[in-house]
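Please read the structure below before turning to the comments.
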Amino acid sequence: MASASRGVTVGRGARSKMKSAKLLEVLNSLEEEESGNNREEIFIAPPDNAAGDFTDEDSGDEDGQRGAQLPGRVLHALVVSEDSGTGEDNDDLELQPAKKRQKSAVEPQRIWTKRDIRPDFGSWTASDPHIEDLKSQELSPVGLFELFFDEGTINFIVNETNRYAWQKNVNLGLTVQELKCVLGILILSGYISYPRRRMFWETSPDSHHHLVADAIRRDRFELIFSYLHFADNNELDESDRFAKVRPLIIRMNCNFQKHAPLEEFYSFGESMCEYFGHRGSKQLQSGKPIRLGYKIWCGTTSRGYLVWFEPSQGTLFTKPDRGLDLGGSMVIKFVDALQERGFLPYHIFFDKVFTSVKLMSILRKKGVKATGTVCEYRTERCPLKDPKELRKMKRGSFDYKVDESEEIIVCRWHDSSVVNICSNAVGIEPVRLTSRHLGAAKIRTQVYQPSLVKLYQEKVGGVGRMDQNIAKYKVKIRGMKWYSSFIGYVIDAALNNAWQLHRICCQDAQVDLLAFRRYIACVYLESNADTSSQGRRGRRLETESRFDMIGHWIVHQDKRTRCALCHSQTNTRCEKCQKGVHAKCFREYHIR
């Protein structure tokens, strides 16, 4: 028998007398016909304009508040019954027809057995011809960085910035050379920072930086940086909080995946982009070095190369699918991006924020291996020993069960605390001994460690390694736009990826991350400097950089030119000095 249906909407903007009447109606609607079949629920709805506006400036009011943080003028409580629907109301109290809520399918209960896992995945046999090609090219740091900020991306930013300035009735006339100078200054600010960025151009001897001052004028840099733009304002998606930078995210993800090392092991986790402004997309994340800012879902290799990233917008703008939570849905999107390169037996590692038995089942059906720590309430009633009982046992003790139907194992291991780990690919055997500190005296002892625990500890730290590399020399210059800190994060991520490729491709002549960034900043500022009004500064700059012994690389050039030392024809040049020079003359040219 169909149940009666109605919906009640209560607004907090009415008068106090009406408030009592409406609240009473809501309570009565829940209590009446107690013996009937009415099923009703109350939820708090966000405001209709929850997407907020799309201004560039960072000085507006906080927007995108959720739940109990909504101000009273936009807080609504709705009572919706099983058969009720939605509709436009002109009255504060009105009956509403509604769609029938579909009941979720009841999943069969899993059967857990005490045995080791028997996975049916194939072994990893894939090779990576793209990396071999990069090794043969012997790319310099600038060449590696421009795999990501390539010619198409640079021209796109130039065009969008000029378009935005023109929409503001400003004839900016930005060129590729000027944009590279701006990028060079942003990179340089990661290891040389001043309290005020204008100090780079001051003539005071304690702050003047001639490399920056000779590359671009201060006012020109400020003008370009204030109009830096990455999307057409006339084509923004109002359902996307990051629509202003969405084209750049798509391009960078494409380039990151195109040049990513093809590996078996990957990590997935959360990264934070520091931000203290008024934008509603920021989040407070406890337990992170950066606690306040934009949360970014990241998929990396085990060494820290960023393969795929997506800024978090919460469930208000990102709807989870497949019956998973938001974190699990992001893992599926990362796996889909990986499988664009081929359906290979990748192995993904993540922590308890993402792991669930259901996620492991979905990944197994997609042919992807996965291992991660898991919360007890996500183990689907796996009957393991109670944590209190396990703590009383010897350190290194563990208990485990396997789902008979899908070969998913859940292991509970006693280390310094009790840890739950779930996997669809790695089992208990072989159990090895590992060294651990025991007690307050820090005495080292040997404890038993299951195989899936050992592999997880070895491979899970990719996102943390990337965060560590970015935090060392991250871009310090910030603008008034809400997305300026996010752009700095993207530049730092591209530099980290370029350096990771450098470590793979240049086994004999590796440089550390600082020297790598310094080289790119110097080349961008020296090679793209505005020489039209430099006068004698250009000669001084060339002389000083020629003998500084920092970041000089010999690269191939298509057109033959005269060697700067012996004056005969050569097809190689110094990338930093932009002078033709033979390999045999290279060292002598830079010390004479």
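From a predicted model like this one, the values you see are computed outputs, not experimental measurements.
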(request) Please determine which of Val426, Asp351, Val419 meets the side-chain contact (heavy atoms from CB on, under 4.5 Å) test together with Tyr456. (result) Asp351

(message) Quick one, Lys295 and Pro311 - any side-chain contact, counting heavy atoms below 4.5 Å?
(response) no

(message) Less than 4.5 Å apart, side chain to side chain, heavy atoms only: is that true for Asp240 and Gln313?
(response) yes

(request) Flag the pair Tyr275 / Tyr294 as yes when their ring centroid distance falls below 6.0 Å, and as no otherwise. (result) yes

(request) Quick one: pull up CD1 in Ile477 and CZ in Arg197 and give me the separation to the nearest 0.5 Å. (result) 6.5 Å

(message) Could you check, using the six-membered ring where one of them is a Trp, whether Phe349 and His347 have ring centers closer than 6.0 angstrom?
(response) yes

(message) For a quick test of reading the model, state the closest non-hydrogen atom pair linking Lys180 to Asn528 and the distance between them.
(response) CB-ND2, 3.6 Å

(request) To the nearest 0.5 angstrom, please state how far the CG atom of Leu324 sits from the NZ atom of Lys358. (result) 6.0 Å

(request) For residues Phe398 and Tyr448, establish whether the separation of their ring centroids is below 6.0 Å. (result) no

(request) Could you grab the distance from atom CG of Leu344 to atom CD of Glu264, nearest 0.5 Å is fine? (result) 10.0 Å

(message) Please identify which of these residues, Phe265, Trp124, Phe334, meets the ring-ring contact (aromatic ring centres under 6.0 Å, His included) condition with Tyr346.
(response) Trp124

(request) For the residue pair Tyr524 and Phe145, categorise the inter-ring angle as parallel (less than 30°), tilted (30 to 60°) or perpendicular (more than 60°). (result) perpendicular

(message) Rounded to the nearest 0.5 Å, what separates atom CD in Gln137 from atom CG in Leu147?
(response) 8.0 Å

(request) Taking the side chain as every heavy atom from C-beta outward, state whether Val368 and Lys365 have any pair of such atoms under 4.5 Å apart. (result) no

(request) Would you name the heavy atoms of Val453 and Ile421 that are closest together and state the gap between them? (result) CG2-CD1, 3.5 Å

(message) How close do Val402 and Arg115 get, counting heavy atoms only, and between which atoms?
(response) CG2-O, 2.8 Å

(message) To the closest 0.5 Å, what do you measure between CZ (Phe156) and CD1 (Ile154)?
(response) 11.5 Å

(message) Test side-chain contact (heavy atoms from CB on, under 4.5 Å) on Tyr400 and Val410; report intermediate values, then the result.
(response) CA-CA 6 Å; Tyr400 59 93; Val410 179; over 6 Å; no

(message) Less than 6.0 angstrom from the centroid, inside 45 degrees of the normal: does Lys244 satisfy that with respect to the ring of Tyr483?
(response) no

(message) Measuring only between side-chain heavy atoms, which start at C-beta, is Glu310 closer than 4.5 Å to Ile296?
(response) no

(message) Between Phe268 and Phe354, is the ring centroid distance below 6.0 Å?
(response) yes

(request) Using only heavy-atom distances, determine whether the side chains of Gln283 and Ser312 contain a donor-acceptor pair under 3.5 Å. (result) yes

(message) Can you confirm whether the side chains of Asp467 and Ser271 place a donor and an acceptor under 3.5 Å from each other?
(response) yes

(message) Taking salt bridge (charged side-chain N to carboxylate O under 4.0 Å, His left out) as the cut-off, I'd like each qualifying pair that reaches into residues 457-466, sequence neighbours left out, listed once.
(response) Lys454-Glu458

(message) Around atom CD of Gln468, are there more than 12 heavy atoms from other residues, nucleotides or ligands closer than 6.0 Å?
(response) no

(request) Measure the spacing between CG of Leu188 and CG of Leu183 and express it to the nearest 0.5 Å. (result) 12.5 Å

(message) Please give me the minimum heavy-atom distance between Ile409 and Gly427, naming the atom from each residue.
(response) CD1-CA, 4.3 Å

(message) Taking the ring of His502 and the ring of Phe516, is the distance between their centroids below 6.0 Å?
(response) yes

(message) Just checking Lys258: does its NZ atom have more than 12 heavy atoms from other residues, nucleotides or ligands closer to it than 6.0 angstrom?
(response) no

(request) Please indicate whether Lys476 has more than 12 foreign heavy atoms, meaning atoms of other residues, nucleotides or ligands, lying under 6.0 Å from its NZ. (result) yes

(request) Specify the closest pair of heavy atoms between Leu262 and Ser127, including all atoms of both residues, with the distance to one decimal. (result) CD2-O, 3.4 Å

(request) State which residues pass side-chain contact (heavy atoms from CB on, under 4.5 Å) with Arg436; sequence neighbours excluded, sorted by chain then number. (result) Arg395, Trp413, Asp415, Thr434, Val447, Gln449, Gln457

(message) Is the shortest side-chain heavy-atom distance between Trp308 and Lys333 below 4.5 Å?
(response) yes

